[in-house]
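Computed over heavy atoms, backbone and side chain alike; hydrogens, waters and symmetry mates excluded.
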Amino acid sequence: MSSNSVHLLLLTSLLLLIISPTISQKISFRPKALVLPVTKDTATHQYIAHITQRTPPVQIKVAIDLGGEFLWVDCEKGFNSSTKKPVPCRSAQCNLAKSKSCSTNGNLSEDVCGEFPHNPFTSTSTSGDLSQDIIYIQSTNGSTPGKVVSVPKFLFTCAPTFILEGLSNGTVGVAGLGRNTIALPSLFSAAFSFPKKMAVCLSPTNGVVFFGNGPYELSPGIDVSKSLTYTPLILNPVNLIGGFQGESSSEYFIGVKSIKVDGKPVPVNTSLLSIDANGDGGTKISSVVPYTSLETSIYNSVVNAFVNALAQRNIRKVAAVAPFSACFNTKDIGFSQGGPIVPPIDFVLQSEKVVWRVSGANSMVRVSNDVLCLGFVDGGPLHFVDWGIKFTPTAIVIGGRQIEDILLQFDLASSRLGFTSSLLSRKLSCSTFDFKSSTN
């Protein structure tokens, strides 16, 4: 080899040493999915996540709201971050949020985009500034957590301290997972260019939220996304939490056509199962309501049918335990891997072949060593009848107890919900995702 060739080789090697770090810095890791651990606060029945935000990084405790519009955090007490910035009015971020509010001090260049954080547990709303700050979350391959990734200018809303009332101890905000443009599923999808999908798997102890596509392995080698049944997500054209006129709801509604108890149809006013022009009626899924709430006439029909079905098995009612009205002696009820052996309650969806079945651990609540109750509550009439009478704008609200240990996949792009049957019957649980291992 000539001296010129040697010099050329050395020069090339030196250039590669200089250029390589620059190249590696530009090639950023793009996860295909993200994972967020969730725990259940037994005192409040709220589902809680820990999110890392700010500079320097701080882990904050937030409640999960499946239908929430965005992440909001108390910025009045103890919020310090060198990377937090307000979002200006008329900016791209403000337009993305579809904000209709601006706070102003007379200087247009300092106008701040406004939003309305909502505490779903106390039905309280207030005004707040739309802001941006860095947020950190773990990536995943679907079976174990991977590298921690960051989104530098993640949108959230600053809220005043008083709106924290009713949240579990130490909670400083609410993470909205709804079908809103600035809710967590949409923002994470946009940040990393993965499908606009989210899978939620809650349990009485620990659960998990996935952002992005599957696999969703709750046990090594078992991808529960392969056993999903699908039903359309229905858009409620009315925002039920007091939004601006013309705003659609960010909550997740599905189309229940009828209800069966122990395989037999229950008489219900089917007009209540559709969403009317005021946004009332229909069926939604909620992580805020601890137990499924049914409009009064539907509740009475379901409870009567359930009690009669158990009576045919010589299982009689005992004294009611609030907030439940149908309670039974534990000694009279058998148990299986899937929980108490009781008549199933079926929500029939777009056809008789597509059924959301509630049974066993999802339908019954142990209130004492001796008493089990049907874990459904009376939501009141659909409309106001008189002042002081409880009412519900939604006929059926499928609550936390009824979605535990079931994987729910919300496909926002295709507007459909995927759901499994109870994982307990397959010796699985939403609490078994392997957070201890890592793909790092």
Side-chain angles (χ1 to χ4, degrees), residues 46-47 49 51 53 60-77 79 81 84-105 108 110-133 135 153-168 171-188 190 235-253 278-280 284 286-289 392-394 397 412:
Q46 294 170 14
Y47 300 97
I51 293 176
Q53 187 198 40
I60 59 173
K61 182 179 175 182
V62 292
I64 293 293
D65 180 5
L66 193 56
E69 296 180 312
F70 43 75
L71 170 67
W72 64 260
V73 176
D74 172 19
C75 292
E76 281 187 346
K77 186 177 180 181
F79 192 107
S81 177
K84 172 186 170 292
K85 292 182 180 179
V87 172
C89 287
R90 297 168 293 279
S91 64
Q93 296 99 318
C94 192
N95 290 335
L96 178 67
K98 300 178 182 177
S99 170
K100 296 179 176 65
S101 171
C102 269
S103 60
T104 179
N105 60 6
L108 289 178
E110 297 179 3
D111 288 355
V112 177
C113 188
E115 270 297 347
F116 293 88
H118 176 72
N119 182 335
F121 303 98
T122 57
S123 298
T124 305
S125 296
T126 187
S127 59
D129 291 341
L130 186 65
S131 304
Q132 56 188 16
D133 204 345
I135 196 170
K153 297 179 179 180
F154 195 87
L155 295 175
F156 73 103
T157 299
C158 274
T161 304
F162 80 84
I163 200 174
L164 297 178
E165 183 180 357
L167 296 181
S168 68
T171 303
V172 298
V174 172
L177 306 181
R179 52 193 310 181
N180 187 290
T181 52
I182 59 169
L184 269 64
S186 294
L187 289 182
F188 284 135
L235 184 67
N236 188 330
V238 179
N239 186 344
L240 299 174
I241 62 171
F244 292 95
Q245 188 173 3
E247 274 190 349
S248 59
S249 173
S250 63
E251 297 177 296
Y252 296 103
F253 284 77
N278 297 316
D280 294 338
K284 72 178 180 183
S286 172
S287 61
V288 171
V289 175
T392 177
T394 306
V397 182
L412 280 72

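- Proximity of a side-chain donor or acceptor of S125 to a complementary backbone N or O of H118 within less than 3.5 Å is not detected.
- Annotation: the span from Q53 atom CD to K84 atom NZ amounts to 9.5 Å, rounded to 0.5 Å.
- Proximity of I135 to L71: side-chain heavy atoms (C-beta onward) are separated by under 4.5 Å at one or more points.
- Taking each heavy atom of P185 and Y252 in turn, the nearest pair found is CG-OH, 4.5 Å.
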For C113 and C94, run disulfide bond (SG atoms under 2.5 Å apart): C-alpha distance rounded to whole Å, both residues' side-chain angles, the deciding distance at 0.1 Å, then the answer. CA-CA 6 Å; C113 188; C94 192; 2.2 Å; yes

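- At least one side-chain heavy atom of T126 sits less than 4.5 Å from a side-chain heavy atom of F162.
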Could you walk me through whether L96 and L155 satisfy the side chain to side chain contact (heavy atoms under 4.5 Å, CB included) test, starting with their C-alpha distance in whole Å, then the side-chain angles of each, then the deciding distance to 0.1 Å, before giving a yes or no? CA-CA 10 Å; L96 178 67; L155 295 175; 4.1 Å; yes

Apply the test side chain to side chain contact (heavy atoms under 4.5 Å, CB included) to residues L184 and I51: give CA-CA distance (whole Å), side-chain angles for both, the deciding distance (0.1 Å), then the verdict. CA-CA 11 Å; L184 269 64; I51 293 176; 4.3 Å; yes

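- The CD1 atom of I182 sits 11.5 Å away from the CZ atom of F156 when rounded to the nearest 0.5 Å.
- Side-chain polar atoms of T161 and E76 form a donor-acceptor pair below 3.5 angstrom.
- S168 places no side-chain N or O within donor-acceptor distance of the main-chain N or O of T171, the cut-off being under 3.5 Å.
- In this structure, CD1 on I163 lies 12.0 Å from CZ on F121, to the nearest 0.5 angstrom.
- Side chain of Q46 to backbone of G166: a donor-acceptor contact under 3.5 angstrom is found.
- When all heavy atoms of N278 and L240 are compared, the closest pair comes out as O-CD2, 4.3 Å.
- More than 12 non-hydrogen atoms from other residues, nucleotides or ligands lie less than 6.0 angstrom from NZ of K61.
- Residues passing the side-chain hydrogen bond (donor to acceptor under 3.5 Å, both in side chains) test with S186: none are found, sequence neighbours excluded.
- Side chain of T394 to backbone of V397: no donor-acceptor contact under 3.5 angstrom is found.
- Across all non-hydrogen atoms, the minimal contact from S101 to C89 is O-SG, 4.5 Å.
- Residues E247 and K100 have side chains in contact (heavy-atom distance under 4.5 Å, counting atoms from C-beta outward).
- Using modelled atom types, one side-chain atom of S287 and one backbone atom of L66 make a donor-acceptor pair closer than 3.5 Å.
- For S81, the side-chain hydrogen bond (donor to acceptor under 3.5 Å, both in side chains) criterion is met by T83, D133, not counting sequence neighbours.
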Please evaluate residues C75 and C158 with respect to the criterion disulfide bond (SG atoms under 2.5 Å apart), reporting the C-alpha separation (whole Å), side-chain torsions for both, the decisive distance (0.1 Å), and the verdict. CA-CA 5 Å; C75 292; C158 274; 2.0 Å; yes

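- Judged purely by atom type and a 3.5 angstrom limit, Q93 has no side-chain atom pairing as donor or acceptor with the backbone of V87.
- In this structure, E115 and W72 have side chains that are not in contact, with every pair of non-hydrogen atoms separated by 4.5 Å or more.
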Between F253 and R179, does the side chain to side chain contact (heavy atoms under 4.5 Å, CB included) criterion hold? Intermediate values first, please. CA-CA 11 Å; F253 284 77; R179 52 193 310 181; over 6 Å; no

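- By the 4.5 Å heavy-atom criterion applied to side chains, T157 and E69 are not counted as neighbours.
- The side-chain hydrogen bond (donor to acceptor under 3.5 Å, both in side chains) test applied to T124 returns T122, not counting sequence neighbours.
- Atoms CG and CD, on N119 and E165 in that order, are 8.5 Å from each other to the nearest 0.5 Å.
- The minimum heavy-atom distance linking S249 with V238 is given by the pair CB-O, 3.4 Å.
- Here the closest non-hydrogen pair linking G67 and S250 is O-OG, 2.6 Å.
- Under the 3.5 Å distance criterion, the side-chain polar atoms of S99 are matched with a main-chain donor or acceptor of G114.
- Considering all non-hydrogen atoms of both residues, L177 and I64 come closest at CD1-CG2, 3.5 Å.
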